[in-house]
Amino acid sequence: MGRRIAYFVVAVALFVFADAKVLAYSTPLELETAISNSCDSIKLNLRQLQRNDASVRVSLGKNYEYMLTRLMSNMNSRLAVNHKDAGRLLSITADFSDNLGYFRKNYIIYDQQVSKLLSIDCTKKPAEFYKELGKARVERDEVRYNYNRLNEIMAEYSEELLAVKEGLR
Amino acid sequence: MLVSKDSSNGAKNLVKLGFLAIGITLTLSFVSLWLYRTSGAAQLDLSRPGYISDETQTGGDDLETDGKESFSAHGEISNDIVEEFEKLYGDVEKKVLGTEAFREEALGDEALGIE
């Protein structure tokens, strides 16, 4: 009896999740039609977004690099040269450096996904286009996460520096 | 006029050398292009077609190294020095936080025009 109930539960679960998966990946006909009809303008917007993102990426990259190499690292060195306790500044700097690497790597993946998306003919393959758009959104979320994380680490460094400054008095 | 065997061989060798040079050039060109795409340099290259106008937008607004203040790794350390550092640090932080980069809605259906 117990085994029958277990089989029944598994069967129901498979039915529910299989159906959910189909729903998650199926593209309604209306949506496909909308994509097909507006393909040119969608791609135009996407290209513009890709260009804007590239500008932002370059600008952020320059500022983050400056922050890491000209500010954080130099402050850490200066504290070390003067035999002062740098507290957690070194580990925070290392964390920043690691996350900057993730940001760079994830941006490449995201940009390549957008380029792939732009190569799809959305008048003929709207479903595939929308599926790849979903992937691009996930990659963009990753890049945004890295951006937010870098900003959090910058704030941590700033807070820790206040503590180090107290120690200099 | 008869062509000597030596000059004939020389001509053939020259042709072979030409093809070899072209082959090496093409191979290195493909390798360079592959490296350009996979290394991430392509994503940072604002000189690509269509991107040039964006380059001018980023050019004047960044704290790049040339001509801009940098905090020295050498010298004494004091509260005044730290405050000087904090000012430089704050300027960069302000620029970065003001960017509001990679917002989710920018890739949304509405923003792309999928209606």
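Since the structure is predicted, the reported quantities are computational estimates derived from the model, not experimental observations.
- When all heavy atoms are compared, the tightest approach of A:Arg140 to B:Ala106 is NH2-CB, 3.4 Å.
- The CE atom of A:Met67 lies 10.0 Å from the CG atom of B:Leu88; values are rounded to the nearest 0.5 Å.
- Heavy atoms from other residues, nucleotides or ligands lying under 6.0 Å from NZ of A:Lys125 number 12 at most.
- Interface check for chain B: of the options A:Val81, A:Asp53, A:Leu44, A:Val164, the most heavy-atom pairs under 4.5 Å are formed by A:Asp53.
- Neither the backbone nor the side chain of A:Ala80 comes within less than 4.5 Å of any heavy atom in chain B.
- Residues A:Leu133 and B:Ile114 are in side-chain contact: their nearest non-hydrogen atoms beyond the backbone lie under 4.5 Å apart.
- For chain A, the nearby part of B:Glu100 is the backbone; its heavy atoms alone come within less than 4.5 Å.
- Heavy atoms of A:Lys84 lying under 4.5 Å from chain B belong exclusively to its side chain.
- Listed in order of number, the residues of residues 71-83 of chain B that approach chain A to under 4.5 Å between heavy atoms are B:Phe71, B:Ser72, B:Ala73, B:His74, B:Gly75, B:Glu76, B:Ile77, B:Ser78, B:Asn79, B:Ile81, B:Val82, B:Glu83.
- Taking CZ of B:Phe85 as the reference point, atom CG of A:Leu71 lies at 5.0 Å (rounded to 0.5 Å).
- Of all the heavy atoms in A:Gln112 and B:Arg37, the pair that sits closest is NE2-O, 3.6 Å.
- At a 4.5 Å heavy-atom cutoff, A:Thr33 makes no contact with chain B through either its backbone or its side chain.
- When hydrophobic clusters are built by joining Ile, Leu, Val, Met, Phe, Trp and Tyr residues whose side-chain heavy atoms come closer than 4.5 Å, directly or via intermediates, A:Tyr110 is grouped together with A:Ile120.
- Atom CG in B:Leu107 sits 7.5 Å away from atom CG in A:Leu117 (nearest 0.5 Å).
- B:Val92 and A:Leu68 fall within the same hydrophobic cluster, where Ile, Leu, Val, Met, Phe, Trp and Tyr residues are linked whenever their side-chain heavy atoms come under 4.5 Å apart, directly or through other members.
- By the 30° and 60° cut-offs, the orientation of the rings of B:Tyr89 relative to A:Tyr157 is parallel.
- Taking CG from A:Leu60 and CZ from B:Phe102, the interatomic distance works out to 6.0 Å, rounded to the nearest 0.5 Å.
- In terms of hydrophobic clustering, with Ile, Leu, Val, Met, Phe, Trp and Tyr side chains grouped at heavy-atom distances under 4.5 Å, A:Tyr102 and A:Tyr64 are assigned to different clusters.
- For the atom pair CG of B:Leu97 and CG of A:Asn148, the computed distance is 9.5 Å after rounding to the nearest 0.5 Å.
- Interface remark: A:Leu49 contributes side-chain atoms only to the contact with chain B (heavy atom separation under 4.5 Å).
- When every heavy atom of B:Val96 is checked against every heavy atom of A:Asn63, the shortest pair comes out as CG2-CB, 3.8 Å.
- Shown here for B:Ala101 and A:Val56, the closest heavy-atom pair between the two residues is CB-CG1, 3.6 Å.
- Counting only distance, with no hydrogens or angles, the side chain of B:Arg103 and the backbone of A:Arg144 share no donor-acceptor pair below 3.5 Å.
- Grouping the Ile, Leu, Val, Met, Phe, Trp and Tyr side chains by contacts below 4.5 angstrom, directly or via other members, places A:Val114 apart from A:Ile108.
- By the criterion of side-chain heavy atoms lying less than 4.5 angstrom apart, applied directly or through intervening Ile, Leu, Val, Met, Phe, Trp or Tyr residues, A:Leu118 is grouped together with A:Ile35 in one hydrophobic cluster.
- Contacts of B:Ala111 with chain A are made by backbone atoms alone, with heavy-atom separations under 4.5 Å and no side-chain atom involved.
- Ion pairing between a basic and an acidic side chain is recognised when a charged N comes within 4.0 Å of a carboxylate O; B:Asp109 and A:Arg137 show such pairing.
- Around atom CD of B:Glu105, more than 12 heavy atoms belonging to other residues, nucleotides or ligands sit under 6.0 Å away.
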